[in-house]
Undergrad: 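Have a look at this one.
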2 protein chains.
Amino acid sequence: METKPIKILVIEDDDDINELLCKIVLNSGYIPQPCFSGTEAKLYLEKEEWDLILLDLMLPGLTGEELLREVNEKSNSPVIIISALEEQQKKIEILRAGADDYITKPFDLEEVSARIDSHLRRYKRLATPKQTSELKYKDISINTESKEVTVNGRVLSLTAREYAILALLISSPQKIFTRTNLFESIWSEDYLGDENTVNVHMSNLRSKLSRANPDKEYIQTIWGMGYRLKN
Amino acid sequence: METKPIKILVIEDDDDINELLCKIVLNSGYIPQPCFSGTEAKLYLEKEEWDLILLDLMLPGLTGEELLREVNEKSNSPVIIISALEEQQKKIEILRAGADDYITKPFDLEEVSARIDSHLRRYKRLATPKQTSELKYKDISINTESKEVTVNGRVLSLTAREYAILALLISSPQKIFTRTNLFESIWSEDYLGDENTVNVHMSNLRSKLSRANPDKEYIQTIWGMGYRLKN
DNA sequence: TGTTTTCTTAAACATTTCTTTAAGGACTCT
DNA sequence: AGAGTCCTTAAAGAAATGTTTAAGAAAACA
């Protein structure tokens with residue numbers, strides 16, 4: 001899978017520090033875009049999306065604080081503040097105003113790099129859609145969100161009870177399920193001793209599986225004990 | 001609209017510091033759960049989801065580092081490390097290992113609070129699905145700003161409830177929505193068991209869709225389970 | 001306030017699934 | 001091999017679930 005290059009906007013009016021920060025970004029494997037004033041930064045922000053922004057507070061043109069507000073209004077990009085201001089009150093104010101992190105000059109190169117990585121990692125983790133759950137066994141596949149069951153590439157039309165039985169069996173593929181287990185798990189009632197209800201549903205399920213793939217047997221009866229998936 | 005309380009797991013073996021951190025959490029408007037060992041933390045982590053975790057590195061039972069790894073494997077919760085270790089190398093190592101932040105003892109109360117807020121804000125921002133201006137499915141098109149729905153090129157006149165049901169179905173086209181899902185999402189109330197309200201609105205929606213395009217069936221009933229868009 | 005629209009509830013009817021019954025097959029034990 | 005038990009499957013009836021329509025209540029609008 002092709003990964004899009006990570007682009008980081010570096011907003012810092014001091015030439016040497018800007019160059020140093022760009023070198024950190026580059027050495028971390030990302031693409032830096034240097035930028036020396038608040039008004040210049042505004043142009044880059046309008047031009048495209050940035051994966052992360054390194055922002056100095058003391059800037060010519062627009063201030064860092066104004067820029068922070070604009071970034072937060074218009075995009076989801078994480079913002080790490082780089083600042084000479086050691087005043088604790090300011091740090092807290094900026095963190096509450098929307099910054100994701102606050103690093104005081106003089107900074108440790110490796111720490112800047114580690115914090116960039118940490119924020120990008122968080123962003124990536126939360127931006128990646130959660131995988132939907134899937135149960136698989138042999139050529140059976142169950143999508144638990146859509147409740148869709150396919151066997152040998154064919155979609156099965158199962159009743160609610162049949163689906164529940166199959167999902168339970170596949171959730172523990174080695175386990176023997178007694179009729180009592182099945183009944184109490186799926187019917188959520190105490191087992192009253194009439195075995196045939198489970199038997200019939202099991203028979204119906206087998207019948208549907210067999211129609212989808214006549215060459216295979218999926219469910220095995222253990223005489224006197226219960227049912228298990230056939231290995 | 002009712003918001004779910006934010007729950008923060010505070011993992012710290014020093015009684016006084018644990019109590020202080022819990023007070024910060026409480027004063028920030030969140031619900032703290034104090035926890036004094038790595039092994040105790042593990043139990044809480046298995047028991048439920050946490051909105052954020054404050055984690056000391058030096059712990060009895062499981063170490064903070066081992067816990068960090070487990071949290072990252074099993075959940076998406078942000079982790080802020082609280083540590084007495086001033087060693088820069090350790091900080092960098094932990095940030096790279098999956099921590100979202102690293103605060104050195106002795107800490108500033110307001111800074112801890114501000115950083116908690118910053119991480120929760122980031123999490124919330126990224127967890128809230130971006131509003132898409134248009135939802136499409138087959139020949140159905142929904143403009144989420146104007147609330148206009150067209151099917152097969154024809155504008156549908158839907159009531160608020162009908163619109164909400166259709167938008168929800170289309171937002172997850174593969175998913176089965178139980179009547180409970182639909183009711184709780186659209187009515188934002190606990191489901192009291194009367195199914196017919198949902199049924200009637202669904203029938204009305206189907207009727208309007210069918211009038212717009214009599215050749216197609218859009219909504220499929222899965223007996224005993226719920227409704228899904230027909231693929 | 002009066003009218004219109006929408007929502008909720010009730011009822012009649014339709015459809016599907018479940019449960020029970022029963023017959024025959026398969027397995028286990030003596 | 002035969003008897004007893006357990007399991008499988010088919011079929012019928014019961015139960016549950018779902019659909020649509022209409023009436024009354026509630027909400028929205030003029």
Side-chain angles (χ1 to χ4, degrees), chain A residues 147 149 155-169 176-212 214 216-230, chain B residues 147 149 155-169 176-212 214 216-230:
Chain A
K147 306 263 164 101
V149 180
V155 177
L156 279 208
S157 176
L158 301 184
T159 67
R161 298 282 197 219
E162 289 159 7
Y163 175 88
I165 291 170
L166 185 61
L168 186 57
L169 289 175
I176 295 182
F177 288 88
T178 66
R179 282 167 194 78
T180 302
N181 291 153
L182 288 167
F183 194 88
E184 292 183 345
S185 296
I186 294 166
W187 276 259
S188 302
E189 291 175 27
D190 288 345
Y191 193 49
L192 300 178
D194 182 15
E195 314 180 327
N196 204 44
T197 299
V198 175
N199 293 341
V200 169
H201 285 296
M202 190 61 73
S203 174
N204 292 336
L205 177 57
R206 275 174 155 154
S207 177
K208 289 182 181 181
L209 291 171
S210 180
R211 250 180 274 133
K216 278 197 182 176
E217 196 183 345
Y218 298 97
I219 300 174
Q220 185 180 23
T221 305
I222 312 296
W223 266 80
M225 292 191 190
Y227 301 102
R228 183 175 70 185
L229 291 174
K230 190 174 167 84
Chain B
K147 304 277 160 83
V149 180
V155 177
L156 277 209
S157 174
L158 300 183
T159 67
R161 297 287 195 214
E162 290 159 9
Y163 175 88
I165 290 170
L166 185 61
L168 187 57
L169 289 174
I176 291 192
F177 289 88
T178 65
R179 280 167 196 79
T180 302
N181 291 154
L182 288 167
F183 194 87
E184 293 184 344
S185 296
I186 295 168
W187 277 259
S188 304
E189 291 175 29
D190 286 346
Y191 192 52
L192 300 178
D194 182 15
E195 315 180 328
N196 204 42
T197 299
V198 174
N199 293 340
V200 170
H201 286 297
M202 190 61 73
S203 176
N204 293 336
L205 176 58
R206 275 174 153 154
S207 178
K208 289 182 180 180
L209 291 171
S210 180
R211 250 180 275 137
K216 277 196 182 177
E217 196 182 344
Y218 297 98
I219 300 173
Q220 184 178 25
T221 304
I222 312 296
W223 266 80
M225 294 185 190
Y227 300 103
R228 181 173 72 188
L229 291 174
K230 190 173 167 85

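Here is how names work: the chains are called A, B, and so on, in the same order as the sequence lines, proteins then strands, and each is numbered from 1.
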Undergrad: Just how far, in rounded Å, is P of dC7(D) from CD of Q220(A)?
TA: 13 Å
Undergrad: For dT19(C) and W187(A) - does any side-chain N or O of the residue sit under 4.0 Å from the phosphate oxygens OP1/OP2?
TA: yes
Undergrad: For the helix from dT1(C)-dA30(D) to dT30(C)-dA1(D), what angle lies between the axis at the first five pairs and the axis at the last five pairs, to 10 degrees?
TA: 40°
Undergrad: Roughly how many Å is it from CD1 in I165(A) to C1' in dT17(C), rounded to a whole number?
TA: 12 Å
Undergrad: Which residue, F183(A), W187(A), Y163(A), forms the ring-ring contact (aromatic ring centres under 6.0 Å, His included) with H201(A)?
TA: W187(A)
Undergrad: Between dT9(D) atom C1' and H201(A) atom NE2, what is the distance in whole Å?
TA: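 In whole Å, dT9(D) C1' and H201(A) NE2 are 14 Å from each other.
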Undergrad: With sequence neighbours excluded, what pairs up with S210(B) under the side-chain hydrogen bond (donor to acceptor under 3.5 Å, both in side chains) test?
TA: none
Undergrad: Do you know the tightest heavy-atom contact between Q220(B) and K230(B)?
TA: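 In this case the closest contact between Q220(B) and K230(B) is OE1-CA, 3.9 Å.
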Undergrad: Sugar-phosphate means primed atoms, P, OP1 and OP2; the rest is base. With that split, encode nucleotides 12-30 of chain D 5' to 3' as B, S or - using protein heavy atoms under 4.0 Å.
TA: -----BSBBB---------
Undergrad: Who passes salt bridge (Lys or Arg N to Asp or Glu O under 4.0 Å) against K216(B), sequence neighbours left out?
TA: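 Not a single residue meets the salt bridge (Lys or Arg N to Asp or Glu O under 4.0 Å) criterion with K216(B).
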Undergrad: Could you tell me which residues satisfy side chain to side chain contact (heavy atoms under 4.5 Å, CB included) with S203(B), sequence neighbours excluded, listed by chain and number?
TA: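 Testing S203(B) for side chain to side chain contact (heavy atoms under 4.5 Å, CB included), a comparison that skips the adjacent residues, returns none.
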Undergrad: Output yes when a side-chain donor or acceptor of E162(B) lies under 3.5 Å from a complementary backbone atom of T159(B), and no otherwise.
TA: yes
Undergrad: Name all residues meeting the ring pair (Phe, Tyr, Trp, His ring centres under 6.0 Å) criterion together with W223(B); count only those two or more places apart in sequence or in a different chain, and write none if there are none.
TA: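 Applying ring pair (Phe, Tyr, Trp, His ring centres under 6.0 Å) to W223(B) gives none.
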Undergrad: Has T159(A) got a side-chain N or O lying under 4.0 Å from the OP1 or OP2 atom of dC18(C)?
TA: yes
Undergrad: Using a cut-off of less than 4.0 Å, is there contact between a side-chain N or O of T197(B) and OP1 or OP2 of dC7(C)?
TA: no
Undergrad: For the residue pair A160(A) and G224(B), what are the closest heavy atoms and their distance?
TA: CB-O, 4.2 Å
